[in-house]
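Below is one structure, written out as structure tokens, with a few remarks after it.
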Amino acid sequence: MESEDGDSQSTLQNPSDGGRRRMPTTSKEGEQEAKPKVVVIMGPTGSGKSKLAIDLASHFPIEIINADSMQVYHGLDVLTNKVPLHEQNGVPHHLLGTISPNVEFTAKDFRDCAIPLINDILSRNCLPVIVGGTNYYIQALVSPFLLDDTTESLDESPMDEHLGDEQNDLTLEFGRNDFNKYHYLKELDPVAANRVHPHDNRKINQYLNLYARSGILPSKLYQGKAAENWGRIDNCRFDYCFICVDAAIPVLDQFVGQRVDSMINAGLLSEVYEIFKPHAVYTRGLRQAIGVREFEGFLRLYLLQSRIDKANECCEMVSAKNGEMLKDNAREILFSSSDDNELKNVLAEAIEKVKLNTRRLVRRQKRRLSRLRTLFGWNIQYVDSTESISSKSNESWAAQVVGPAVEIITSFLRADSSSVCDGVGNKLMERNLWTQYVCKACSDRVLRGAHEWEQHKLGRSHRKRLSSIRKSQGANRSAVSND
């Protein structure tokens with residue numbers, strides 16, 4: 001594309017009207033009009049997504065839309081790792097700490113908020129950059145399935161990109177515990193029950209909730225229009241450039257562990273104390289965040305001991321002082337010389353749970369990104385932050401993360417054709433995701449769909465188990481023959 005003076009145009013090629021009027025291409029007659037361009041930065045937690053987005057502002061006129069399902073809420077800034085204002089470097093951030101912590105901000109809510117924001121950003125001739133590790137938010141934005149108003153009440157993905165845990169509101173209605181609810185689902189909808197593990201209480205509750213709301217069997221919904229469309233991005237309203245900031249799992253594991261320790265020192269416990277309620281529901285709003293539920297046992301014990309120690313003081317005064325003192329008290333408790341200190345042991349165990357659950361989150365995020373590529377052909381371009389994280393080197397970050405990302409985006413902005421999909425088939429029904437496979441070698445592990453089963457068989461852990469079983473069987477045969 002050239003400007004009026006004939007020079008190659010290197011500025012943004014987004015229309016100034018925010019996409020209300022499509023910008024026509026200059027190629028052959030009958031070709032589709034060009035769509036406004038949007039950059040999406042994805043990746044597992046701790047990989048450096050937010051940092052990259054801010055650094056891109058040195059190269060492009062950008063505004064950032066947060067797509068992290070916990071950072072959208074007001075509060076828990078330390079725990080949710082929101083970018084502090086002084087580190088945003090003047091780059092506008094949207095949907096960052098703006099939602100009430102007590103409401104459920106679904107993927108549909110995100111989509112409905114993000115689209116007008118994108119149009120506003122485009123109208124200022126800036127580049128919208130969506131940043132976040134919540135893949136179902138991004139999938140809701142780009143997939144035509146959730147853009148279909150006739151299905152707007154369906155807030156769950158058939159690809160396991162769930163919208164957060166559902167509140168267990170069926171216990172009274174069905175009068176069943178978790179074990180019996182699975183068997184009820186099996187009687188009600190054997191196809192759906194075959195798709196979930198018997199101990200996956202969250203998914204079981206979601207399926208039963210869905211049936212209670214709609215009266216339609218979950219398998220019927222997900223094998224119909226949802227299964228055909230969810231994840232498809234060949235007809236979305238914007239032209240998306242997907243960049244994944246990724247790093248090796250051992251490096252991310254170490255980094256997120258260190259980050260949890262830093263959060264404790266920065267006052268994480270004081271934040272959690274402010275929203276603490278004994279036996280609260282941790283399946284809606286901000287309380288879903290990793291690091292809230294895990295500290296419930298510690299905070300109950302801490303409050304109990306504090307009130308015993310200060311029995312003569314007003315409980316409200318004790319409560320207020322406890323919140324102010326927790327930041328310093330946490331360090332004192334953790335570094336207590338007594339190994340018999342119950343409070344120390346409970347706190348240390350809670351911190352390890354936060355680290356463990358964060359490591360599990362990293363793996364889930366990686367798996368889901370892989371599925372978006374392999375099942376739907378998302379053209380996700382990767383930049384590797386492993387070395388910069390492990391070495392803490394700004395030079396490595398600039399050379400291996402920022403530089404490649406700038407090149408990807410520059411090429412994307414100059415291209416007329418859509419960069420969304422790389423041509424991999426995306427007919428979900430043909431992949432038979434509703435077939436359940438059980439791996440006997442791996443302790444009856446349940447896999448869903450042929451793709452997941454094939455990936456599992458290629459995994460290192462599975463192959464090692466098979467090798468061990470073969471060796472054991474060979475030894476047994478040798479022993480029998482010798483006898």
Side-chain angles (χ1 to χ4, degrees), residues 42-47 133 135-136 139 157-162 182 186 190-204 219 222 227 230-231 244 246-257 290 352-353 355-378 380 382 384 386 422 424-480:
M42 313 166 78
T45 187
S47 59
N135 295 330
Y136 63 82
Q139 197 164 342
S157 158
M159 280 302 302
D160 198 32
E161 296 292 341
H162 58 80
Y182 173 75
K186 198 169 183 179
V191 178
N194 190 51
R195 188 176 181 263
V196 301
H197 192 281
H199 296 155
D200 190 350
N201 297 325
R202 177 193 60 79
K203 183 65 71 176
I204 293 167
S219 61
Y222 294 150
W230 180 257
C244 176
D246 200 10
I249 282 183
V251 171
L252 285 174
D253 283 348
Q254 182 178 13
F255 177 78
V256 297
I290 294 175
E352 286 306 310
K353 284 183 180 178
K355 293 179 180 179
L356 174 62
N357 289 335
T358 306
R359 293 195 296 268
R360 288 173 173 169
L361 174 63
V362 167
R363 285 153 176 79
R364 288 198 303 272
Q365 290 170 323
K366 280 177 165 280
R367 285 196 302 270
R368 287 168 182 161
L369 284 166
S370 176
R371 287 178 179 178
L372 292 176
R373 292 189 71 191
T374 56
L375 291 179
F376 299 111
W378 285 33
I380 302 174
Y382 283 73
D384 191 353
T386 301
D422 64 5
V424 177
N426 53 31
K427 294 182 179 179
L428 182 59
M429 293 296 288
E430 293 179 3
R431 298 183 183 270
N432 196 17
L433 294 174
W434 291 78
T435 301
Q436 178 174 286
Y437 297 80
V438 178
C439 182
K440 296 294 183 183
C442 297
S443 303
D444 293 332
R445 180 175 175 181
V446 177
L447 292 309
R448 292 173 300 169
H451 172 74
E452 189 169 303
W453 172 241
E454 293 300 325
Q455 291 293 108
H456 172 72
K457 289 193 296 183
L458 294 173
R460 183 179 178 185
S461 175
H462 174 75
R463 288 185 282 111
K464 289 179 82 172
R465 284 178 178 270
L466 283 182
S467 176
S468 176
I469 290 172
R470 290 190 187 108
K471 287 180 181 178
S472 175
Q473 291 172 344
N476 291 338
R477 283 194 294 269
S478 297
V480 170

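We use all heavy atoms of the structure for the numbers below, so side chains are in, but hydrogens, waters and symmetry mates are not.
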Residues forming a salt bridge (charged side-chain N to carboxylate O under 4.0 Å, His left out) with [X], sequence neighbours excluded:
X      : answer
Lys440 : Asp444
Asp246 : Lys366
Lys186 : none

**Q.** With sequence neighbours excluded, residues passing side chain to side chain donor-acceptor pair (under 3.5 Å) with Thr358
**A.** none

With sequence neighbours excluded, residues passing side chain to side chain contact (heavy atoms under 4.5 Å, CB included) with [X]:
X      : result
Arg359 : Asp253, Val256, Lys355, Leu356, Arg363
Lys464 : Arg460
Leu466 : Ala441, His462, Arg470

Q. Taking all non-hydrogen atoms of both residues, which atom of Cys244 and which atom of Gly43 are closest, and how far apart?
A. SG-CA, 3.8 Å

Q: Measure across Ala247 and Asp384 and return the closest heavy-atom pair with its distance rounded to 0.1 Å.
A: CA-OD1, 3.9 Å

Quick one: does [X]'s side chain get under 4.5 Å of [Y]'s, heavy atoms only?
X      : Y      : result
Tyr382 : Leu369 : yes
Ile290 : Arg360 : no
Arg465 : Cys439 : no

Q. Quick one: CE on Met42 to CZ on Arg368, what's the gap to the nearest 0.5 Å?
A. 11.5 Å

Q | Gap separating the CD1 atom of Ile469 from the SG atom of Cys442, nearest 0.5 angstrom | A | 7.5 Å

Q: Would you sort out whether Arg371 and Asn135 count as a side chain to side chain contact (heavy atoms under 4.5 Å, CB included), showing the intermediate values?
A: CA-CA 11 Å; Arg371 287 178 179 178; Asn135 295 330; over 6 Å; no

